[in-house]
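Naming: A, B, ... by sequence-line order, numbering from 1 per chain.
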Number of protein chains: 2
Amino acid sequence: MAIEKKIDCVILGLLSHEDLTGYEIKKRMDTSLKYFWGASYGSIYPALGDLVERGLANKRDGTENKRNKIIYSITEAGRNYLKEWLQNPVEKDELRYETLLKLFFGSEGGAVQAMAHINAFQEKIERELPYLTSAANTLRNYIDTDDAHKYYLLTVEFGIKTYRAYLEWCEEAKAILGEENK
Amino acid sequence: MAIEKKIDCVILGLLSHEDLTGYEIKKRMDTSLKYFWGASYGSIYPALGDLVERGLANKRDGTENKRNKIIYSITEAGRNYLKEWLQNPVEKDELRYETLLKLFFGSEGGAVQAMAHINAFQEKIERELPYLTSAANTLRNYIDTDDAHKYYLLTVEFGIKTYRAYLEWCEEAKAILGEENK
DNA sequence: CATAAATATATCAGTATGATACATGAAACA
DNA sequence: TGTTTCATGTATCATACTGATATATTTATG
(Lines give C-alpha, C1' and ligand atoms only; values in the text may rest on other atoms or scores of the structure.)
Protein backbone atom coordinates (compact mmCIF):
# COMPACT_ATOMS: atom_id res chain seq x y z
CA MET A 1 0.00 0.00 0.00
CA ALA A 2 0.90 3.65 -0.19
CA ILE A 3 2.58 3.29 -3.53
CA GLU A 4 0.87 6.45 -4.71
CA LYS A 5 3.18 9.15 -5.93
CA LYS A 6 2.10 12.38 -4.28
CA ILE A 7 2.36 14.40 -7.46
CA ASP A 8 -0.13 12.07 -9.17
CA CYS A 9 -2.61 12.48 -6.34
CA VAL A 10 -2.39 16.28 -6.28
CA ILE A 11 -2.84 16.52 -10.02
CA LEU A 12 -5.81 14.14 -9.97
CA GLY A 13 -7.25 16.11 -7.08
CA LEU A 14 -7.07 19.32 -9.09
CA LEU A 15 -8.44 17.62 -12.21
CA SER A 16 -11.35 16.23 -10.22
CA HIS A 17 -12.75 19.78 -10.07
CA GLU A 18 -11.93 21.08 -13.54
CA ASP A 19 -9.99 20.33 -16.69
CA LEU A 20 -6.60 22.01 -16.68
CA THR A 21 -3.37 22.47 -18.60
CA GLY A 22 0.00 21.76 -17.01
CA TYR A 23 0.58 25.47 -16.71
CA GLU A 24 -2.72 26.00 -14.93
CA ILE A 25 -1.93 23.14 -12.54
CA LYS A 26 1.33 24.85 -11.66
CA LYS A 27 -0.59 28.08 -11.02
CA ARG A 28 -2.98 26.33 -8.63
CA MET A 29 0.06 24.98 -6.78
CA ASP A 30 1.53 28.45 -6.45
CA THR A 31 -1.69 30.04 -5.20
CA SER A 32 -4.31 27.83 -3.51
CA LEU A 33 -1.96 25.06 -2.42
CA LYS A 34 1.26 26.92 -1.78
CA TYR A 35 0.75 27.22 1.98
CA PHE A 36 0.86 23.47 2.50
CA TRP A 37 2.11 21.87 -0.70
CA GLY A 38 4.31 22.56 -3.67
CA ALA A 39 5.25 21.11 -7.04
CA SER A 40 7.53 22.07 -9.90
CA TYR A 41 7.17 21.82 -13.66
CA GLY A 42 9.80 19.13 -13.54
CA SER A 43 7.37 16.87 -11.73
CA ILE A 44 4.08 18.08 -13.24
CA TYR A 45 4.70 17.52 -16.94
CA PRO A 46 6.21 14.03 -16.65
CA ALA A 47 3.41 13.06 -14.24
CA LEU A 48 0.75 14.24 -16.69
CA GLY A 49 2.20 12.04 -19.42
CA ASP A 50 2.31 9.15 -16.98
CA LEU A 51 -1.30 9.61 -15.85
CA VAL A 52 -2.51 9.50 -19.45
CA GLU A 53 -0.45 6.39 -20.13
CA ARG A 54 -1.98 4.67 -17.13
CA GLY A 55 -5.48 5.68 -18.12
CA LEU A 56 -6.04 7.92 -15.09
CA ALA A 57 -6.28 11.09 -17.17
CA ASN A 58 -7.13 12.05 -20.74
CA LYS A 59 -5.46 14.70 -22.84
CA ARG A 60 -7.06 16.70 -25.58
CA ASP A 61 -5.89 19.46 -27.82
CA GLY A 62 -6.92 22.88 -26.62
CA THR A 63 -4.92 24.87 -29.13
CA GLU A 64 -6.31 28.32 -29.82
CA ASN A 65 -4.87 30.55 -32.52
CA LYS A 66 -1.22 29.63 -32.77
CA ARG A 67 -0.47 28.73 -29.16
CA ASN A 68 -0.34 25.03 -28.49
CA LYS A 69 -2.17 23.94 -25.42
CA ILE A 70 -2.93 20.52 -23.93
CA ILE A 71 -5.95 20.20 -21.68
CA TYR A 72 -6.08 17.31 -19.24
CA SER A 73 -9.17 15.77 -17.67
CA ILE A 74 -9.66 13.02 -15.10
CA THR A 75 -11.02 9.61 -16.13
CA GLU A 76 -13.30 7.36 -14.14
CA ALA A 77 -10.28 5.22 -13.23
CA GLY A 78 -8.49 8.37 -12.15
CA ARG A 79 -11.37 9.35 -9.91
CA ASN A 80 -11.32 5.92 -8.27
CA TYR A 81 -7.57 6.14 -7.78
CA LEU A 82 -7.98 9.55 -6.15
CA LYS A 83 -10.76 8.32 -3.88
CA GLU A 84 -8.68 5.39 -2.73
CA TRP A 85 -5.77 7.67 -1.88
CA LEU A 86 -8.12 10.03 -0.05
CA GLN A 87 -9.44 7.29 2.19
CA ASN A 88 -5.99 5.92 3.06
CA PRO A 89 -4.53 7.32 6.28
CA VAL A 90 -2.12 10.24 6.04
CA GLU A 91 1.47 9.03 5.84
CA LYS A 92 3.45 12.12 6.65
CA ASP A 93 3.03 15.73 7.66
CA GLU A 94 6.29 17.51 7.39
CA LEU A 95 7.68 20.89 8.28
CA ARG A 96 10.88 22.11 6.66
CA TYR A 97 11.57 25.45 8.24
CA GLU A 98 15.00 26.80 7.51
CA THR A 99 14.30 29.60 9.98
CA LEU A 100 14.07 27.09 12.83
CA LEU A 101 17.13 25.27 11.58
CA LYS A 102 19.19 28.45 11.70
CA LEU A 103 17.80 29.31 15.11
CA PHE A 104 18.63 25.84 16.42
CA PHE A 105 22.27 26.51 15.58
CA GLY A 106 21.87 30.13 16.67
CA SER A 107 24.50 30.07 19.42
CA GLU A 108 27.11 29.79 16.68
CA GLY A 109 25.96 33.05 15.09
CA GLY A 110 24.80 35.06 18.09
CA ALA A 111 21.65 36.79 19.30
CA VAL A 112 21.70 39.72 16.88
CA GLN A 113 21.76 37.39 13.90
CA ALA A 114 19.04 35.18 15.39
CA MET A 115 16.91 38.23 16.06
CA ALA A 116 17.26 39.25 12.42
CA HIS A 117 15.99 35.86 11.27
CA ILE A 118 13.01 36.12 13.58
CA ASN A 119 12.19 39.61 12.32
CA ALA A 120 12.41 38.50 8.71
CA PHE A 121 10.13 35.58 9.49
CA GLN A 122 7.68 37.85 11.30
CA GLU A 123 7.54 40.31 8.41
CA LYS A 124 6.88 37.54 5.93
CA ILE A 125 4.02 36.16 8.03
CA GLU A 126 2.54 39.63 8.59
CA ARG A 127 2.70 40.24 4.87
CA GLU A 128 0.92 36.99 4.00
CA LEU A 129 -1.70 36.79 6.75
CA PRO A 130 -4.05 39.39 5.16
CA TYR A 131 -4.33 37.25 2.02
CA LEU A 132 -5.43 34.32 4.14
CA THR A 133 -8.03 36.26 6.11
CA SER A 134 -9.42 37.79 2.94
CA ALA A 135 -9.56 34.36 1.30
CA ALA A 136 -11.43 33.04 4.33
CA ASN A 137 -13.97 35.86 4.11
CA THR A 138 -14.58 35.25 0.44
CA LEU A 139 -14.99 31.52 1.00
CA ARG A 140 -17.41 32.13 3.86
CA ASN A 141 -19.56 34.32 1.59
CA TYR A 142 -19.77 31.63 -1.06
CA ILE A 143 -19.77 28.63 1.27
CA ASP A 144 -23.10 27.33 -0.03
CA THR A 145 -22.43 27.72 -3.75
CA ASP A 146 -20.03 24.75 -3.88
CA ASP A 147 -19.45 21.88 -1.47
CA ALA A 148 -15.71 22.20 -2.07
CA HIS A 149 -15.62 25.70 -0.55
CA LYS A 150 -16.11 24.26 2.90
CA TYR A 151 -12.99 22.14 2.47
CA TYR A 152 -10.97 24.99 1.05
CA LEU A 153 -12.00 27.03 4.08
CA LEU A 154 -10.63 24.35 6.41
CA THR A 155 -7.16 24.69 4.94
CA VAL A 156 -7.28 28.49 4.95
CA GLU A 157 -8.39 28.50 8.58
CA PHE A 158 -5.45 26.24 9.35
CA GLY A 159 -3.17 28.82 7.84
CA ILE A 160 -4.73 31.69 9.76
CA LYS A 161 -4.56 29.90 13.11
CA THR A 162 -0.96 28.80 12.65
CA TYR A 163 0.16 32.17 11.30
CA ARG A 164 -1.28 33.90 14.36
CA ALA A 165 0.55 31.41 16.55
CA TYR A 166 3.74 32.15 14.63
CA LEU A 167 3.35 35.86 15.35
CA GLU A 168 2.84 35.21 19.06
CA TRP A 169 5.93 33.03 19.02
CA CYS A 170 7.98 35.77 17.36
CA GLU A 171 7.31 38.08 20.28
CA GLU A 172 8.10 35.39 22.83
CA ALA A 173 11.23 34.35 20.96
CA LYS A 174 12.55 37.89 20.89
CA ALA A 175 11.82 38.18 24.60
CA ILE A 176 13.78 34.99 25.32
CA LEU A 177 16.72 36.22 23.26
CA GLY A 178 16.61 39.60 24.99
CA GLU A 179 16.79 38.07 28.47
CA GLU A 180 20.58 38.05 28.41
CA ASN A 181 20.62 41.71 29.46
CA LYS A 182 18.76 41.16 32.69
CA MET B 1 25.04 32.83 -3.53
CA ALA B 2 22.98 30.25 -1.74
CA ILE B 3 24.91 27.39 -3.24
CA GLU B 4 24.99 25.68 0.13
CA LYS B 5 23.51 22.23 0.22
CA LYS B 6 21.18 22.05 3.20
CA ILE B 7 22.44 18.66 4.31
CA ASP B 8 25.98 20.04 4.58
CA CYS B 9 24.81 22.92 6.75
CA VAL B 10 22.79 20.74 9.12
CA ILE B 11 25.65 18.31 9.57
CA LEU B 12 28.14 21.12 10.18
CA GLY B 13 25.69 22.67 12.63
CA LEU B 14 25.52 19.44 14.61
CA LEU B 15 29.30 18.96 14.43
CA SER B 16 29.83 22.49 15.71
CA HIS B 17 28.61 21.29 19.11
CA GLU B 18 30.16 17.83 19.31
CA ASP B 19 31.99 15.18 17.32
CA LEU B 20 29.60 12.61 15.92
CA THR B 21 29.32 9.47 13.79
CA GLY B 22 26.96 9.30 10.83
CA TYR B 23 24.66 7.14 12.87
CA GLU B 24 24.57 9.64 15.70
CA ILE B 25 23.85 12.47 13.26
CA LYS B 26 20.86 10.53 11.99
CA LYS B 27 19.69 10.08 15.59
CA ARG B 28 19.86 13.83 16.24
CA MET B 29 17.77 14.35 13.12
CA ASP B 30 15.15 11.92 14.34
CA THR B 31 14.91 13.45 17.81
CA SER B 32 15.94 17.09 18.32
CA LEU B 33 15.42 18.23 14.74
CA LYS B 34 12.55 16.06 13.61
CA TYR B 35 9.86 18.66 14.25
CA PHE B 36 11.27 21.05 11.67
CA TRP B 37 13.86 19.19 9.61
CA GLY B 38 14.71 15.72 8.39
CA ALA B 39 17.49 13.81 6.66
CA SER B 40 18.08 10.25 5.54
CA TYR B 41 21.15 8.02 5.57
CA GLY B 42 21.19 8.34 1.82
CA SER B 43 22.08 11.99 2.15
CA ILE B 44 24.10 11.92 5.37
CA TYR B 45 26.84 9.44 4.48
CA PRO B 46 27.65 10.85 1.05
CA ALA B 47 27.62 14.36 2.52
CA LEU B 48 30.08 13.36 5.24
CA GLY B 49 32.51 12.06 2.65
CA ASP B 50 32.08 15.25 0.70
CA LEU B 51 32.66 17.51 3.69
CA VAL B 52 35.94 15.74 4.47
CA GLU B 53 37.04 16.02 0.85
CA ARG B 54 36.35 19.75 0.89
CA GLY B 55 38.20 20.24 4.16
CA LEU B 56 35.10 21.28 6.11
CA ALA B 57 35.20 18.23 8.38
CA ASN B 58 37.76 15.71 9.60
CA LYS B 59 37.26 12.00 10.09
CA ARG B 60 39.04 9.82 12.57
CA ASP B 61 38.82 6.19 13.50
CA GLY B 62 36.70 5.56 16.56
CA THR B 63 36.66 1.78 16.30
CA GLU B 64 36.10 0.01 19.59
CA ASN B 65 36.47 -3.75 19.90
CA LYS B 66 35.41 -5.16 16.56
CA ARG B 67 32.80 -2.58 15.58
CA ASN B 68 34.02 -0.09 13.04
CA LYS B 69 33.11 3.49 13.73
CA ILE B 70 34.04 6.78 12.08
CA ILE B 71 33.91 9.94 14.15
CA TYR B 72 33.58 13.26 12.35
CA SER B 73 34.59 16.69 13.65
CA ILE B 74 34.26 20.19 12.22
CA THR B 75 37.31 22.05 10.93
CA GLU B 76 38.00 25.77 11.15
CA ALA B 77 36.99 26.10 7.49
CA GLY B 78 33.82 24.19 8.28
CA ARG B 79 32.97 26.55 11.10
CA ASN B 80 33.43 29.54 8.80
CA TYR B 81 31.24 27.91 6.19
CA LEU B 82 28.55 27.30 8.79
CA LYS B 83 28.75 30.89 10.05
CA GLU B 84 28.38 32.26 6.55
CA TRP B 85 25.30 30.14 5.94
CA LEU B 86 23.86 31.21 9.29
CA GLN B 87 24.15 34.88 8.45
CA ASN B 88 22.61 34.52 4.99
CA PRO B 89 18.87 35.21 4.90
CA VAL B 90 16.51 32.24 5.05
CA GLU B 91 15.60 31.02 1.58
CA LYS B 92 12.57 28.89 2.20
CA ASP B 93 10.24 27.78 4.94
CA GLU B 94 8.06 24.99 3.73
CA LEU B 95 5.10 23.04 4.98
CA ARG B 96 4.24 19.70 3.41
CA TYR B 97 1.10 18.58 5.17
CA GLU B 98 -0.59 15.65 3.52
CA THR B 99 -3.47 16.10 5.95
CA LEU B 100 -4.25 19.51 4.50
CA LEU B 101 -3.84 18.19 0.98
CA LYS B 102 -6.43 15.47 1.60
CA LEU B 103 -8.74 17.98 3.25
CA PHE B 104 -8.39 20.37 0.33
CA PHE B 105 -9.77 17.65 -1.92
CA GLY B 106 -12.17 16.57 0.81
CA SER B 107 -15.38 17.16 -1.15
CA GLU B 108 -14.42 14.18 -3.30
CA GLY B 109 -14.32 11.87 -0.28
CA GLY B 110 -16.99 13.35 1.96
CA ALA B 111 -17.29 14.75 5.46
CA VAL B 112 -16.94 11.46 7.36
CA GLN B 113 -13.61 10.74 5.73
CA ALA B 114 -12.39 14.30 6.26
CA MET B 115 -13.42 14.10 9.91
CA ALA B 116 -11.36 10.91 10.28
CA HIS B 117 -8.26 12.65 8.92
CA ILE B 118 -8.75 15.53 11.33
CA ASN B 119 -9.15 13.15 14.26
CA ALA B 120 -6.03 11.22 13.31
CA PHE B 121 -4.12 14.49 13.05
CA GLN B 122 -5.46 15.66 16.42
CA GLU B 123 -4.46 12.42 18.12
CA LYS B 124 -0.95 12.61 16.72
CA ILE B 125 -0.54 16.18 17.94
CA GLU B 126 -1.96 15.37 21.37
CA ARG B 127 0.43 12.44 21.62
CA GLU B 128 3.48 14.54 20.73
CA LEU B 129 2.74 17.77 22.58
CA PRO B 130 3.72 16.42 26.04
CA TYR B 131 7.22 15.64 24.77
CA LEU B 132 7.59 19.22 23.64
CA THR B 133 6.38 20.75 26.90
CA SER B 134 8.61 18.45 28.92
CA ALA B 135 11.57 19.30 26.69
CA ALA B 136 10.83 23.00 27.22
CA ASN B 137 10.79 22.54 31.00
CA THR B 138 14.09 20.70 30.98
CA LEU B 139 15.69 23.34 28.79
CA ARG B 140 14.39 26.12 31.03
CA ASN B 141 15.97 24.44 34.05
CA TYR B 142 19.35 24.24 32.37
CA ILE B 143 19.11 27.47 30.39
CA ASP B 144 22.23 28.95 31.98
CA THR B 145 24.48 25.92 31.69
CA ASP B 146 24.94 26.29 27.93
CA ASP B 147 24.30 29.21 25.61
CA ALA B 148 22.87 26.79 23.03
CA HIS B 149 19.99 25.83 25.33
CA LYS B 150 18.37 29.19 24.77
CA TYR B 151 18.29 28.55 21.04
CA TYR B 152 17.01 25.02 21.43
CA LEU B 153 14.24 26.44 23.61
CA LEU B 154 13.20 28.82 20.83
CA THR B 155 12.55 25.93 18.48
CA VAL B 156 10.72 23.90 21.10
CA GLU B 157 8.52 26.88 21.98
CA PHE B 158 7.72 27.22 18.31
CA GLY B 159 6.52 23.65 18.33
CA ILE B 160 4.40 24.13 21.43
CA LYS B 161 2.72 27.29 20.15
CA THR B 162 1.95 25.82 16.75
CA TYR B 163 0.78 22.49 18.16
CA ARG B 164 -1.67 24.30 20.43
CA ALA B 165 -2.91 26.27 17.43
CA TYR B 166 -3.33 22.98 15.55
CA LEU B 167 -5.51 21.60 18.34
CA GLU B 168 -7.69 24.72 18.33
CA TRP B 169 -8.00 24.37 14.57
CA CYS B 170 -9.06 20.72 14.88
CA GLU B 171 -12.06 21.74 16.97
CA GLU B 172 -12.98 24.55 14.61
CA ALA B 173 -12.54 22.32 11.57
CA LYS B 174 -14.82 19.68 12.98
CA ALA B 175 -17.39 22.37 13.76
CA ILE B 176 -17.25 23.66 10.18
CA LEU B 177 -17.69 20.16 8.79
CA GLY B 178 -20.59 19.50 11.16
CA GLU B 179 -22.49 22.60 10.07
CA GLU B 180 -24.19 20.76 7.23
CA ASN B 181 -26.78 19.40 9.67
CA LYS B 182 -28.03 22.79 10.70
C1' DC C 1 4.72 50.18 -31.73
C1' DA C 2 8.11 48.40 -28.82
C1' DT C 3 8.72 45.92 -24.76
C1' DA C 4 7.48 43.74 -20.71
C1' DA C 5 4.55 40.25 -18.63
C1' DA C 6 1.72 36.23 -18.93
C1' DT C 7 0.72 31.83 -21.09
C1' DA C 8 2.37 27.41 -22.43
C1' DT C 9 5.35 23.02 -22.83
C1' DA C 10 9.39 20.68 -21.77
C1' DT C 11 13.94 18.98 -20.01
C1' DC C 12 17.96 18.18 -16.86
C1' DA C 13 21.59 18.39 -13.43
C1' DG C 14 21.55 18.26 -8.84
C1' DT C 15 19.59 16.90 -4.41
C1' DA C 16 17.09 14.08 -1.20
C1' DT C 17 14.11 10.10 0.27
C1' DG C 18 12.96 5.47 1.79
C1' DA C 19 14.10 1.11 1.73
C1' DT C 20 17.27 -2.11 2.21
C1' DA C 21 21.68 -4.82 2.90
C1' DC C 22 25.13 -6.07 5.89
C1' DA C 23 27.58 -6.76 10.22
C1' DT C 24 28.59 -6.46 15.27
C1' DG C 25 27.53 -5.72 20.22
C1' DA C 26 24.36 -5.62 24.08
C1' DA C 27 20.30 -6.91 26.45
C1' DA C 28 16.37 -9.86 27.37
C1' DC C 29 14.42 -14.39 28.02
C1' DA C 30 14.07 -18.89 28.98
C1' DT D 1 23.84 -21.26 28.02
C1' DG D 2 22.07 -20.42 23.93
C1' DT D 3 19.06 -17.63 21.22
C1' DT D 4 16.58 -14.04 19.72
C1' DT D 5 15.69 -9.31 19.61
C1' DC D 6 17.19 -4.66 19.69
C1' DA D 7 20.64 -0.93 19.19
C1' DT D 8 24.76 0.54 16.88
C1' DG D 9 27.10 1.38 12.77
C1' DT D 10 28.30 2.09 7.55
C1' DA D 11 26.72 2.16 3.03
C1' DT D 12 24.14 2.08 -1.48
C1' DC D 13 20.35 2.53 -4.97
C1' DA D 14 16.09 3.19 -7.42
C1' DT D 15 12.88 6.57 -7.27
C1' DA D 16 11.07 11.31 -6.62
C1' DC D 17 11.28 16.12 -6.71
C1' DT D 18 13.37 20.85 -7.18
C1' DG D 19 15.07 24.90 -9.35
C1' DA D 20 16.70 26.62 -13.20
C1' DT D 21 16.49 27.11 -17.76
C1' DA D 22 15.20 26.92 -22.88
C1' DT D 23 11.87 28.04 -26.24
C1' DA D 24 7.90 30.25 -28.29
C1' DT D 25 3.66 32.77 -28.58
C1' DT D 26 0.11 36.07 -26.96
C1' DT D 27 -1.58 39.82 -24.31
C1' DA D 28 -0.95 44.11 -21.66
C1' DT D 29 1.37 48.34 -20.81
C1' DG D 30 3.48 52.72 -21.47
Side-chain angles (χ1 to χ4, degrees), chain A residues 1-11 14 19-31 33-34 36-54 57 59-72 85 91-96 98 101, chain B residues 1-11 14 19-31 33-34 36-54 57 59-72 85 91-96 98 101:
Chain A
M1 207 138 297
I3 344 134
E4 301 98 350
K5 232 159 68 182
K6 301 302 168 209
I7 185 66
D8 295 339
C9 302
V10 195
I11 290 176
L14 288 170
D19 295 356
L20 295 166
T21 67
Y23 180 79
E24 287 168 328
I25 287 169
K26 172 66 170 155
K27 274 224 317 206
R28 299 288 183 285
M29 298 285 185
D30 295 344
T31 52
L33 300 181
K34 79 161 169 173
F36 55 89
W37 207 264
S40 62
Y41 285 126
S43 63
I44 292 169
Y45 281 107
L48 281 169
D50 240 48
L51 288 172
V52 171
E53 216 173 294
R54 290 153 67 201
K59 63 194 270 188
R60 69 174 188 274
D61 191 81
T63 299
E64 295 149 353
N65 306 319
K66 277 286 163 57
R67 170 175 294 160
N68 67 319
K69 195 168 156 173
I70 306 162
I71 302 173
Y72 292 87
W85 171 70
E91 286 163 35
K92 203 179 170 197
D93 287 322
E94 196 183 7
L95 213 66
R96 232 178 152 78
E98 213 182 298
L101 196 56
Chain B
M1 208 134 299
I3 344 134
E4 302 98 350
K5 231 159 69 182
K6 301 303 170 209
I7 185 66
D8 294 340
C9 303
V10 195
I11 291 176
L14 288 170
D19 296 357
L20 295 165
T21 67
Y23 181 77
E24 288 168 327
I25 287 169
K26 172 66 170 155
K27 274 224 317 205
R28 299 287 183 287
M29 297 287 185
D30 295 343
T31 53
L33 301 181
K34 81 161 167 172
F36 55 90
W37 206 264
S40 62
Y41 285 126
S43 64
I44 293 169
Y45 280 106
L48 281 169
D50 240 48
L51 288 171
V52 171
E53 218 173 292
R54 290 153 66 200
K59 64 194 269 187
R60 68 173 188 274
D61 191 82
T63 298
E64 294 150 354
N65 306 320
K66 278 284 165 56
R67 171 174 293 161
N68 67 320
K69 196 167 155 173
I70 306 162
I71 301 172
Y72 293 87
W85 171 69
E91 286 163 36
K92 202 178 170 196
D93 286 322
E94 197 184 6
L95 214 64
R96 235 178 148 78
E98 213 184 297
L101 196 55

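Counting all heavy atoms, side chain and backbone alike, Ile7(B) lies closest to Ala39(B) at CD1-CB, 3.7 Å.
When the P atom of dT8(D) is taken as reference, atom CD1 of Ile71(B) falls 15 Å away, rounded to whole Å. Taking atom CD on Glu4(B) and atom P on dG19(D), their separation rounds to 15 Å, with Å as the unit. For Arg28(B) and dG9(D), the CZ to C1' distance is 14 Å, given to the nearest whole Å. For the pair Lys27(A) NZ and dA6(C) P, the interatomic distance rounds to 9 Å; values are reported in whole Å. Separating the CD1 atom of Ile70(A) from the C1' atom of dA24(D) is a distance of 14 Å, rounded to the nearest angstrom. If you measure from atom CD of Glu98(B) to atom P of dC17(D), you get 11 Å, rounded to the nearest angstrom. Atom pair Lys69(A):NZ and dA6(C):C1' shows a separation of 12 Å (rounding to whole Å applied). To the nearest angstrom, P of dT23(D) lies 16 Å from CG of Asn68(A).
The residues Lys69(A) and Glu24(A) are annotated as not salt-bridged, no charged nitrogen and carboxylate oxygen being separated by less than 4.0 angstrom.
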Quick one: what's the B/S/- string for nucleotides 12-21 of chain C, heavy-atom cutoff under 4.0 Å, read 5' to 3'? B--SSBB---

Between Trp37(A) and Val10(A), does a side-chain contact (heavy atoms from CB on, under 4.5 Å) hold up when you go through it step by step? CA-CA 9 Å; Trp37(A) 207 264; Val10(A) 195; 3.6 Å; yes

I'd like to know whether Lys6(A) forms a side-chain contact (heavy atoms from CB on, under 4.5 Å) with Leu101(B), so could you lay out the CA-CA distance, the side-chain angles of the two residues, the decisive distance to 0.1 Å, and finally the verdict. CA-CA 10 Å; Lys6(A) 301 302 168 209; Leu101(B) 196 55; 5.6 Å; no

Are Glu98(A) and Glu91(B) close enough, and set up right, to give a side-chain contact (heavy atoms from CB on, under 4.5 Å), and what steps lead you there? CA-CA 7 Å; Glu98(A) 213 182 298; Glu91(B) 286 163 36; 3.7 Å; yes

Passes side-chain contact (heavy atoms from CB on, under 4.5 Å), Lys26(A) versus Tyr45(A)? Steps please. CA-CA 10 Å; Lys26(A) 172 66 170 155; Tyr45(A) 281 107; over 6 Å; no

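At dT9(C), none of the side-chain N or O atoms of Tyr23(A) fall inside 4.0 Å of OP1 or OP2 (strictly under the cut-off). Residue Thr21(B) has a polar side-chain atom (N or O) positioned under 4.0 Å from OP1 or OP2 of dT10(D). For Tyr45(B), a side-chain nitrogen or oxygen approaches OP1 or OP2 of dT10(D) to under 4.0 Å.
Atom CG of Leu14(B) is separated from atom SG of Cys9(B) by 11.5 Å, given to the nearest 0.5 angstrom.
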